[in-house]
J.: 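Quick one: structure below, then a few questions.
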Amino acid sequence: MDYKNSLNLPRTDFSMQANLVQREPQRLAQWHSSDLYGQLMAARAESPRFVLHDGPPFANGDVHIGTALNKILKDLILKSKSLRGFQTPYIPGWDCHGLPIESKVTQELRAQGKSEADAATIRTACDAYARKYIDLQRQQFQRLGVLGDWNNPYLTLAPQYEADELRQFADLVEKGFVYRGKKPVYWSVPFRTALAEAEVEYADHISQSVFVRFRLVGEPNTYVVVWTTTPWTLPANLAVAFNPKFFYSYVFAQGNTYLVANSLLTSLSEKCGWEGYQIIRTAQAEELASLQYEHPFCERTGRLFPADFVDDSTGTGFVHIAPGHGMDDYQLGLSVGLPIYCPVDDEGRLVATADLPREQQLPESLVGKSTLAKAGKSEANEAVLALLTEKEALMRREDYSHSYPHCWRSKSPIIFRAVDQWFIRVDHTGNSPGALPFRQQALAAIDSVNWIPDWGKNRIQGAVQSRPDWCISRQRTWGVPIPAFYDASGEPILDAGIVRKAADWIEREGSNVWFTTPVEALWAGCRPADWSGPEAVRKSQDTLDVWIDSGSSSRAVLMRRPELRGSDGGWQADVYLEGSDQHRGWFQSSLLLSLAGNGAAPFKTVLTHGFMVDEDREKISKSKQGQGGYQKPQTAERYIKDYGCDVVRLWVASQDYRSDIVVSEERLKKVGETYRLIRNTLRYQLSNLYDFNPATDAVADDQLSGLDRWILGEFATLEAAVAKAYDAYEFHLVYQLVSQFCAVQLSAMYHDVVKDRLYTDPAGSARRRSTQTALHRILTRLTQALAPILAFTADEAWEQIPGAATKSVHLSLWNPAAAAVPTEPAWTVLFSLREQALPELEKARQAKLIGKSLDAVLHFALPAVDGALVTSHEAELRELCNCSAVTVTQAAERQITVQVAGEAGRKKCERCWHWELNVGDNPTHPTLCGRCVEAVIPLS
RNA sequence: GGGGGUGUAGCUCAAUCGGUCAGAGCAGGCUCUUUAUAAGGGUCAGGUUGUGGGUUCAAGCCCCACCACCCCUACCA
């Protein structure tokens, strides 16, 4: 007779093979058609809300694996909060404006021969371009299993968003935050336009460098010597900087006295041919700071200022300062109150400006000279050099080769040039008297926010503390227009009322209306009824910095969408979660704008994650693509195609995202192994519940067998730890805890031990039902604990769990155990005995005495303390050791001996493989043990 | 150049206030099983906690210097 059919062998439709790549899209389609997100929102309609506000990715290109990590982390938080009973609305967003799209589109238009396209044409094309990639990325994000309101994302190009952004801007204008100032920008002379950083390329360039002497005021024949590679900026010279940490000396050479840094004296004397120079005396920093000099060819004097950016690698230790022509110069100029003087016009020609009295400015011979370098020379340089020679100020000129910024389109060297810009005043004291300066308010707000990791607070405070005023205008086309005008005298008109009117208009017709409508009509539409200021004759062509776009999302999204309002009516988000680069980016722009416009920080907690690095722990770079580096592109799609989304999600969960995150084939493969471990664990449990109906078969808690009570206690301990890890957003701990539990407590212990009862006990027996009750409870809750991470697999398993309360695991509520359950003392002893017995069994196995442990009988000689606890648990001890029988006797100390079961007069039962004394007692079933006979009789 | 972060077995993570904590899982070697079988069990091996100093009765943990990598920022007059 074939007794195999009488066993309760496992069965399930939950396959061992995951086939994630094929199966996940089917489940996605199912979620989509049943509107799982909508169901979830409805099911939690009365629940407290947990709002995670999405930071908008840039709408360009495929979703990068790093972007996928960010979205998956967000989804882990949302799904875990939802399981715990929160309503978790999620409105994804996209950042749509900005240079990368504009330049891409401009290139495309040029390729089509439309190089002279007007602003509206470019913007329409940019809009289409952004929307194309939003659609693409939306697909790719959804493929990640991220649930959200994908049909109603927020887009920074949406008219309503732009309008809200401008209303926020209007508030800032009204409160006096916004002012007009000058700032040096990269300027392309051939294109007559400001360049963004990304449009600048560095290339080797030979400059005409010069050593120039400035005569000191009140000190005959005494000069300070400066060095510059841009002689054409000398007309803009307003100061000289020195480093207070250096030592300087007065040096007598060739009949004059020169002030020079000691460390550069040797090289300078060689260049200038100073034979037998003499050091007269050293000069102290205080003395230097008191000096004045005469400009070599302009009728003005300048002062010397200390500055720590001055280095002594080249030059003279004194730096020529032109605040209108360099960032360092500009900062120094601002801090000591120099005008931001830039005597260069849009065409790159030297001109006089209104910043200084005309008589102090450049001589007539320089006016109109072009700074544009052709074949290494420029008119302006030549004219300045001639003038320096004439004034006997030029000490030496030499070619100097260095890396210099060039315009990426014209390939010509750019110039640094101060132009008018709009700024937000960070130290604004505001209209409310007695209020702290805005920077202080921001620092206080930062202090009240929960930053994870905690060093995030430090970092953003440092950023806010040291940041200069915020330059918010850009000379770009693809952005939100700054609704400013200019009057007949060229003075700007920026007014909150005007901005609000423009916002209303833009909300109706989109921001292209600003570019397509003639200034007269615009002015007529935006001019407030009670306007008494100057009349506009020209409109602003500037756009807002894109950080104003995304930074306005608290106004345009959090305050705008009712579904994101907190249970208490508040609009602040519970969590923002982005890469740590956003401390200077979105976190800061959001904070500053929300604080200035809405009066509070937009977030309660800010989480940050690190960056993606490759197996060498180096950043994933495009240059490594192909050429012996990465074989495949680093897009999310490529990893999803190779491993399936749940493996990628598990990978995200597996690492401590607070520092760098390693992405490599090896790592993914390892995580794939863990995935299979977990999947097989779930599969084992499901396959042993095929005949279990929790409603009718479940065993009451006090009727559960000791082993089952033990594993439920272990599981409660796990559950408490997992819940704590989720609450702390420490998903890598969830990964470690769950995978180790599956491997150690379940696979190696409980599942292995319990096979015997599940397979061989009568199907409806109390002991088998007890174990099924435990398995069912563990399976249900383990599946829930995994659901945030293995979004697809957990849902697949959930469908197969008998009596599952909801259709999808994501709709279910998880009430994890609150605390760890201590193990009963007897079981502690039983496990320590098992731990000692297993190596003994292994010895017997190595000696070829036994194969499996069921082939053995174990004899335990135990001290009284152990014995007392074990005596009533001999059956459990036998199960734990998976042997055929145990004996327990008294002894002074523990001793465990292994006996081959056959030698103990036992025979192997054909059905359960135990070696028993009563095999063959029943003549009908001569190869079975007594227990199996009992199990078989009702079947026959 | 400046600011922030990270560095513990091949991999991913632990180690409460400095005090039997150098630990787990996986991977790897050996092996058993064929009643989870493209599964499962047992068992063995592995680290001078990035390097070099210092403080302390005691340091993976605190201090200093250095190295590597990551993020931000600035600059090359």
Side-chain angles (χ1 to χ4, degrees), chain A residues 3-4 7-12 16-17 202 207 209 226-230 233 241 308-311 313-316 318-322 325-329 331 400 402-405 453 455-456 458-460 462-463 465-467 579-585 608 610-613 615-619 651 654-656 658-662 664 666-667 669-671 673-674 676-677 680-681 683-688 730 732-733 735-737 739-744 747-749 751-753 755-756 758-760 838-839 841-843 845-846 848 850-855 882 911-913:
Chain A
Y3 291 113
K4 193 168 171 179
L7 295 169
N8 313 304
L9 291 183
R11 12 185 142 134
T12 179
M16 184 176 286
Q17 292 294 304
Y202 284 79
S207 295
S209 77
V226 301
W227 176 69
T228 179
T229 59
T230 51
T233 62
D308 48 17
F309 62 78
V310 176
D311 75 30
S313 58
T314 47
T316 65
F318 290 102
V319 174
H320 142 63
I321 296 297
H325 291 295
M327 257 339 264
D328 274 341
D329 309 46
Q331 300 289 2
Y400 182 73
H402 59 152
S403 163
Y404 191 85
W455 49 258
N458 221 345
R459 186 165 171 178
I460 191 169
Q465 211 130 33
S466 65
R467 72 156 302 142
S580 60
D581 57 335
Q582 300 303 335
H583 283 117
R584 267 203 187 251
T608 50
F611 277 75
M612 211 63 90
V613 294
E615 59 270 11
D616 304 324
R617 294 214 164 253
E618 293 187 359
K619 69 174 170 190
W651 161 74
S654 77
Q655 294 187 93
D656 187 347
R658 293 167 294 198
S659 43
D660 298 336
I661 299 125
V662 181
S664 66
E666 185 196 11
R667 194 77 264 283
K669 280 185 182 133
K670 289 264 162 65
V671 171
E673 300 279 340
T674 308
R676 284 164 57 200
L677 164 78
N680 272 319
T681 302
R683 180 168 184 266
Y684 174 90
Q685 299 186 331
L686 279 171
S687 68
N688 283 295
E730 293 181 322
H732 64 289
L733 295 185
Y735 173 89
Q736 298 278 338
L737 286 164
S739 61
Q740 292 185 27
F741 186 83
C742 287
V744 181
S747 196
M749 246 300 306
H751 286 176
D752 200 40
V753 165
K755 269 191 242 178
D756 181 56
L758 290 170
Y759 299 170
T760 65
L838 291 184
L841 287 167
E842 179 64 16
K843 279 184 210 159
R845 191 153 34 231
Q846 296 294 339
K848 302 289 176 198
I850 59 169
K852 65 176 88 177
S853 47
L854 271 180
D855 299 340
N882 237 323
R911 182 169 175 272
C912 70
W913 299 346

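Lettering follows sequence order; numbering is per chain, from 1.
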J.: What nucleic acid atoms does A/K848 come within less than 4.0 Å of, heavy atoms only: base, sugar-phosphate, or nothing?
T.: sugar-phosphate
J.: So what stems show up for RNA chain B if we need 3 or more Watson-Crick or G-U pairs in a row, all under 3.5 Å?
T.: B:1-7 with B:67-73, B:10-13 with B:23-26, B:28-32 with B:40-44, B:50-54 with B:62-66
J.: Go through B/rU31, B/rA14, B/rA38 for me and flag the one nearest to the A/H732 side chain.
T.: B/rA14
J.: Using atom C1' in both nucleotides, what's the gap between B/rC62 and B/rA68 to the nearest angstrom?
T.: 23 Å
J.: How long is the line joining CG of A/L737 and P of B/rA15, in whole Å?
T.: 11 Å
J.: Figure out the CG/P separation between A/N882 and B/rU43, and round it to whole Å.
T.: 13 Å
J.: With heavy atoms under 4.0 Å as the rule, sort A/Q655 into base, sugar-phosphate or nothing.
T.: sugar-phosphate
J.: With A/K852, which residues qualify under salt bridge (charged side-chain N to carboxylate O under 4.0 Å, His left out), at least two apart?
T.: none
J.: What integer distance in Å separates A/E615:CD from B/rC69:C1'?
T.: 14 Å
J.: In whole Å, what is the span from the CG atom of A/D752 to the P atom of B/rG40?
T.: 11 Å
J.: Mind calculating the distance between CG (A/D756) and P (B/rU33) to the nearest angstrom?
T.: 18 Å
J.: If you check every side-chain atom of A/R617, which of B/rG42, B/rG25, B/rC69 has the closest atom?
T.: B/rC69
J.: Counting only distance, no hydrogens or angles, is the base of B/rU31 paired donor-acceptor with the side chain of A/Q846 under 3.5 Å?
T.: no
J.: Reckon A/V671 touches a base, only the sugar-phosphate, or nothing at all at heavy-atom distances under 4.0 Å?
T.: nothing
J.: Classify every nucleotide of nucleotides 72-77 of chain B by which part a protein heavy atom approaches to under 4.0 Å, writing B for the base, S for the sugar-phosphate alone and - for neither, in 5'-to-3' order.
T.: SS-SBB
J.: It should be established whether A/Y735 places a side-chain nitrogen or oxygen under 4.0 Å from OP1 or OP2 of nucleotide B/rC26.
T.: no
J.: Of the nucleotides B/rU31, B/rU43, B/rC70, which one has an atom closest to the side chain of A/E618?
T.: B/rC70
J.: Which nucleotide in the list B/rG25, B/rA36, B/rA14 gets nearest to the side chain of A/A743?
T.: B/rG25
J.: Applying a 4.0 Å non-hydrogen cut-off, can you work out what A/H583 is touching in the nucleic acid: base, sugar-phosphate, or nothing?
T.: nothing
J.: Would you check if A/V662 and A/R617 make a side-chain contact, meaning some heavy-atom pair closer than 4.5 Å?
T.: yes
J.: For the residue pair A/Y735 / A/T674, report whether a side-chain donor-acceptor contact shorter than 3.5 Å exists.
T.: yes
J.: State, with a plain yes or no, whether a side-chain heavy atom of A/D581 is found less than 4.5 Å away from one of A/F611.
T.: yes
J.: Going by the rule ring pair (Phe, Tyr, Trp, His ring centres under 6.0 Å), which residues pair with A/H751 if we only count those two or more places apart in sequence or in a different chain?
T.: A/Y684
J.: In whole Å, I'd like the distance from the CG atom of A/D308 to the P atom of B/rG3.
T.: 12 Å
J.: Check the chi torsion on B/rG10 and let me know: syn if it falls within 90° of 0, anti if not.
T.: anti
J.: Give me the distance, rounded to whole Å, that separates B/rG28 from B/rC11 when you measure between the P atoms they each carry.
T.: 15 Å
J.: Under the side chain to side chain donor-acceptor pair (under 3.5 Å) test against A/S654, which residue among A/Q736, A/H732, A/R667 passes?
T.: A/R667
J.: Can you give me the N/O atom pairs linking the protein to nucleotides 27-29 of chain B at distances under 3.5 Å, or say none if there are none?
T.:
none

J.: Answer whether the closest heavy-atom distance between the side chains of A/T314 and A/Y400 falls below 4.5 Å.
T.: yes
J.: Checking one value: the base orientation of B/rC17, syn if chi is within 90 degrees of 0, otherwise anti.
T.: syn
J.: Hey, is the main chain of A/F318 close enough, under 3.5 Å, to the side chain of A/T316 for a donor-acceptor pair?
T.: yes
J.: Look at the side-chain N and O atoms of A/K755 and state whether any lies under 4.0 Å from the OP1 or OP2 oxygen of B/rG40.
T.: no
J.: Just compare B/rA39, B/rC69, B/rA14 and give me whichever is closest to any side-chain atom of A/R676.
T.: B/rA39
J.: Taking atom C1' of B/rU34 as reference, at what distance in whole Å does atom NZ of A/K852 sit?
T.: 8 Å
J.: Below 3.5 Å, does any donor atom in the side chain of A/S747 face an acceptor in the base of B/rA36, or the other way round?
T.: yes
J.: OP1 or OP2 of B/rU37 less than 4.0 angstrom from a side-chain nitrogen or oxygen of A/R683, does that happen here?
T.: yes
J.: Could you work out, with side-chain hydrogen bond (donor to acceptor under 3.5 Å, both in side chains) as the rule, every residue matching A/Q655, not counting sequence neighbours?
T.: none
J.: Regarding A/E666, tell me which of base, sugar-phosphate or nothing describes its non-hydrogen contacts under 4.0 Å with the strands shown.
T.: sugar-phosphate
J.: So, A/K669 and A/E673, do they make that salt bridge, N to O below 4.0 Å?
T.: no
J.: Which of these nucleotides, B/rA38, B/rU31, B/rA24, is closest to any side-chain atom of A/Q17?
T.: B/rA38
J.: Taking any heavy-atom pair under 4.0 Å as a contact, classify A/S654: base, sugar-phosphate, or nothing.
T.: sugar-phosphate
J.: Taking atom P of B/rG7 as reference, at what distance in whole Å does atom CG of A/D616 sit?
T.: 19 Å
